[in-house]
**Student:** 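Below is one structure. I have some questions about it.
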Amino acid sequence: MPDLFIDGTWRSALDERTREIRCPADGSLVGVVDEAGGKDTVEAIAAARRAFDEGPWPTTPAADRGDLLLRVADLLLRDKDALARAESLDTGKRLVESEYDIDDISNCFRYFGRAAAAETGRVVETGTASVDSRVVYEPVGVCALITPWNYPLLQTAWKVAPALAAGNTFVLKPSELTPHTAIHLMRLLEEAGLPPGVANLVLGAGPEAGAPLGDHPDVDLVSFTGGLQTGRRLMAAAAGTVKKVALELGGKNPNIVFADADFETAVDMALTAVFLHSGQVCSSGARLLVEDSLHDRFVDELVRRASRIRLGGPFDERAQSGPLVSAAHRAKVEAYVAKGLTEGAVLRCGGARPSGPEFEAGFYYPPTVLDECSSDMSVVQDESFGPVLTVERFSGEAEAVRLANDTIYGLAGAVFTTDEAKAQRVAARLRLGTVWINDYHPYVPQAEWGGFKQSGFGRELGPSGLAEYREAKHIWRNTNPSPQGWFA
Ligand code: NAD
C-alpha cells in the first residue's frame with residue numbers, strides 16, 4: 001500500500017522513488033516507504049489549502065473537533081502494541097520506552113480534545129452602550145508540521161493535536177528515518193472521520209520533501225522541531241511570506257547538583273537525565289555542574305554506575321539503553337568526543353564502540369563521561385545528542401547560575417539541593433523554558449514546553465500550545481449605527 005497521504009488518498013511519490021528503513025539496532029529491513037519530492041509536497045499543500053478554504057473542518061464546532069481528537073486518543077491505545085513496536089523498530093529505542101510514549105501521545109490527544117471543546121471567545125467590555133464587542137478564535141490556516149526522529153510520534157502528536165483542535169489543516173513531514181508511526185497515525189485520523197485534505201502526509205528528505213513547506217505562499221504556519229541549523233534555515237525561508245513560525249530546537253541542558261543534594265537521588269537522576277534514550281533527547285541533562293566539595297565522590301559513583309549500563313536492542317528485556325539512530329549520527333557523536341579530548345576533557349568511561357557480535361550491525365555507543373570540562377570548550381557548548389556527559393565544577397550559587405546560563409541554548413535543566421529557598425532562587429535565574437527541582441525529565445501535556453534563547457520560540461502543549469495554532473479576531477458591532485458627521 002502506498003505511503004503518501006494527500007487529499008484523503010494514499011498514493012506513491014510522483015517520481016516513484018522509495019526509501020529503505022532499517023532498524024538501528026541490527027540493520028534489519030523494517031520496510032520500504034514512498035519518498036516524496038518537492039512536487040508531491042506542493043500537491044499536499046494545495047490539498048490542505050483547499051480543505052481549509054472550502055471547509056468544513058475550520059468551521060466545524062470546536063466541541064465536534066474535540067470529539068474527534070478523543071476518538072483518536074482511544075484508537076491510539078487500541079493500537080498501542082503495534083505502534084510501540086513500529087516506533088522501536090524505526091528508532092531502535094527500548095520497547096518499554098515506546099510503550100510509555102504511546103500512552104503520552106494518547107494523553108496529548110485527550111488534552112487537546114478537551115481544550116478544543118472548552119475553546120470559547122470572550123466578550124469585551126467597551127464602556128459604550130451601543131456596541132457589542134467580542135474576541136473569537138480562528139484557526140491560522142495551512143500548517144507545515146516538521147518533526148525529528150528521536151520521539152517521532154510524540155513530537156508529531158504535540159503538533160497535530162493542537163493544530164486540529166484549533167481547526168487548521170496541515171501537511172506533516174516526519175523525519176525520513178522514522179516514518180512508520182506517522183503513516184499509522186494518518187490511518188487513525190481517517191478512521192476517526194477526519195475530512196479529506198485536512199491531514200496530509202509527505203515522507204522524505206528535508207531538502208527535497210521538506211523545503212517547499214518553508215517558503216510556499218499557501219502555507220500560513222511552520223511548526224518545526226529539530227536541529228538549530230535547520231530551524232534557522234526554515235525561519236529565513238518563512239520570512240518571505242511572513243509565516244507564523246514556531247521552533248523547538250536543541251539544548252545543552254545544565255543539571256546542577258549542590259553539595260547538599262540528596263546523594264542517591266541526584267546520582268540516579270543525573271544518569272537518567274543524560275542516558276535516557278542514549279542521550280537522544282532534546283532536554284537531555286548533558287552538562288553536569290557539580291559543586292566542588294561533592295565533585296569527586298559524586299563523579300566516581302556516577303561513573304561506576306554509567307559503566308554498568310547494559311546496551312541492547314529494543315526487544316532485549318535486559319537492555320537499559322539502545323543504539324544511536326544512524327551510522328551518521330554515531331560518527332557525529334564520536335567526532336564530538338574526540339574534539340572534547342583534544343580540548344582537555346578527561347575520559348572517565350565509555351568513549352569507544354562496544355565490542356561483541358551483538359553490537360556489530362547496530363549503531364551502538366556507550367555511556368560516556370568527560371570530566372574536568374570548562375564552559376569555554378566546544379564539547380560543553382555544542383549539542384552532541386548522544387550518551388555523552390560533560391562535567392564541570394562550580395563553587396556556590398552565583399557561579400552555578402552563571403555557568404548554567406553560559407550557552408546559546410535555553411531549553412531545560414535541573415537543580416538538585418535540599419535547600420528549598422536556594423532551589424527557588426536558582427530556578428528563577430535560569431534562562432530555561434523548563435526547570436526541574438530535584439527531578440529530571442517529567443512533563444505533562446497541560447503545562448508548556450519550549451525554549452528560551454536559541455532553543456527556539458513558541459510553546460507546545462498547554463494553553464499556549466493551543467494559542468500557537470489560532471488567531472484572535474476582534475469583532476466590533478455598532479448596535480445603533482447612525483452618521484457621525486465628521487466630514488459632513
Ligand atoms: P533535523 O533538523 O536534521 O531534522 C528535523 C526535521 O527537519 C526532519 O524531518 C528533516 O527531514 C527536516 N528538514 C531538514 N532539512 C529541512 C529543510 N531544509 N526544509 C524542511 N525540512 C527539513 O533534526 P533531527 O536530526 O531530526 O533531530 C535532532 C534535533 O532535534 C536535535 O537538535 C534536538 O535537540 C532537536 N529536538 C528538539 C526538541 C525540542 O522540543 N526542543 C525535541 C526533539 C528534538
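Read the numbers this way: they start at 1 and go in the same order the structure lists the ligands and their atoms.
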**Student:** Checking Glu448 now: which residues fulfil side chain to side chain donor-acceptor pair (under 3.5 Å) with it, not counting sequence neighbours?
**Tutor:** Ser464
**Student:** Indicate yes or no: at least one non-hydrogen side-chain atom of Val391 is less than 4.5 angstrom from one of Glu372.
**Tutor:** no
**Student:** Applying side chain to side chain donor-acceptor pair (under 3.5 Å), name anything that partners Glu471, two or more places apart in sequence or on another chain.
**Tutor:** none
**Student:** Within the 4.5 Å heavy-atom criterion, are Met186 and Trp10 side-chain neighbours or not?
**Tutor:** yes
**Student:** Quick one about Asn150 and His277 (side-chain donor to acceptor, distance below 3.5 Å, no hydrogens or angles considered), yes or no?
**Tutor:**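 On atom types as modelled, these side chains do not qualify, holding no pair under 3.5 Å.
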**Student:** So which residues, sorted by chain and number, lie with a heavy atom under 4.0 Å of ligand 1?
**Tutor:**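 Ligand 1 is contacted, at a heavy-atom distance under 4.0 Å, by Ile146, Thr147, Pro148, Trp149, Asn150, Gln155, Lys173, Pro174, Ser175, Glu176, Gly206, Gly210, Ala211, Phe224, Thr225, Gly226, Gly227, Thr230, Leu234, Glu248, Leu249, Gly250, Cys282, Glu383, Phe385, Leu411, Trp449.
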**Student:** Among all residues two or more places apart in sequence or in another chain, which pass the side chain to side chain donor-acceptor pair (under 3.5 Å) test with Arg49?
**Tutor:**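 With neighbours one apart ignored, the set is Asp53, Asp220.
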